Amino acid sequence: MRILIISDVHANLPALEAVLAAAAPFDSVWCLGDLVDYGPDPNECVERIRDLPNLTCITGNHEAAVLNLLAVESFNGDARKSALWTANALTERNKHFLLNLPETAVVDHVTLVHGSPRFPVWEYILDTQTAAENYHYFETPNCFVGHSHVPLMFWKKGKEPGVDWLILKDQVVLQLEGKSILNPGSVGQPRDGDSRASFAIYEPETSTWQQYRVEYDIRAVQKRIRDAGLPHNHANRLSSGS
Ligand code: ZN
């Protein structure tokens with residue numbers, strides 16, 4: 001069984017379509033939050049994801065911000081502006097879909113969260129210390145996270161106290177052993193210096209994780225972000241993936 005793992009689509013429909021085309025065929029989709037915000041296609045992305053086969057989808061901090069404008073107080077100027085734009089753009093039906101997403105899910109012996117198992121919506125796992133602390137907060141062999149927009153793996157073997165980590169490059173194939181925390185990177189707003197859309201394929205029978213990158217028309221999305229009146233920074237950073 002091929003399970004497509006995506007996260008942080010951020011309303012970037014061309015990036016999402018490129019990922020779906022490159023990843024096909026797949027049997028199920030696990031989406032790790034931040035479907036909307038920053039990009040120009042929030043409704044189209046929600047509707048495309050909602051209709052994917054055997055979908056398990058959890059919520060992210062940008063869903064929280066867009067759906068509860070009080071939380072936007074904690075966002076900076078540009079983030080606040082695009083959260084308000086997105087809240088206005090979303091249809092009631094799509095808001096309802098996002099409002100009902102869970103903060104965490106356990107599917108096929110994998111824990112799914114946006115940020116971390118300890119603080120599912122907001123915490124970033126970007127270092128071994130934070131990863132080690134989070135090992136106490138999930139029972140399954142593996143936990144898949146998003147949020148940092150960086151494809152990463154943290155793993156722990158046996159009873160050893162330390163945690164190792166690895167940045168996941170395009171085409172890497174991992175055999176998962178021990179207890180691992182994995183991040184597929186971001187579809188619509190990569191932040192690891194690679195501008196291509198990022199995703200992974202997980203095969204539970206063999207416990208393998210395959211990491212991929214795919215190109216899409218960045219310039220077209222940048223133009224539409226600017227034309228929509230969204231902050232230019234959200235468009236500019238797509239070129240460098242940072
Ligand atoms: Zn995000």
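Side chains included, hydrogens not; waters and symmetry mates left out as well; all remaining heavy atoms used. Everything quoted here is computed from the prediction, not taken from an experiment. We're numbering straight along the sequence, starting at 1. Note that ligands are numbered from 1 as they come in the structure, with each ligand's atoms numbered from 1 the same way.
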* To do: Evaluate the ring planes of Tyr124 and His147, with Trp represented by its six-membered ring, and classify them as parallel (under 30°), tilted (30 to 60°) or perpendicular (over 60°).
  =>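 Aromatic pair Tyr124/His147 classed parallel.
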* To do: Check step by step if side chain to side chain contact (heavy atoms under 4.5 Å, CB included) holds for Thr56 and Leu112.
  => CA-CA 9 Å; Thr56 301; Leu112 308 179; 3.8 Å; yes
* Heteroatom of Asp8 nearest to the Zn ion (ligand 1) (N, O or S, atom name) ->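 This residue's closest N, O or S atom turns out to be OD1.
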* Asked: With the Zn ion (ligand 1) as the point of reference, which N/O/S atom of Asp34 is the closest?
  -> OD2
* Asked: Given the side-chain rings of His10 and His234, with only the six-membered ring counted for Trp, is the space between their centroids under 6.0 Å?
  ->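 Centroid separation for His10 and His234: 6.0 Å or greater.
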* Structure fact -> Note: NE2(His149)-the Zn ion (ligand 1)-NE2(His10) angle, rounded to 10 degrees, equals 90°
* Worked verdict on Asn94 versus Glu47 for side chain to side chain donor-acceptor pair (under 3.5 Å) -> CA-CA 7 Å; Asn94 290 340; Glu47 288 156 16; 2.8 Å; yes
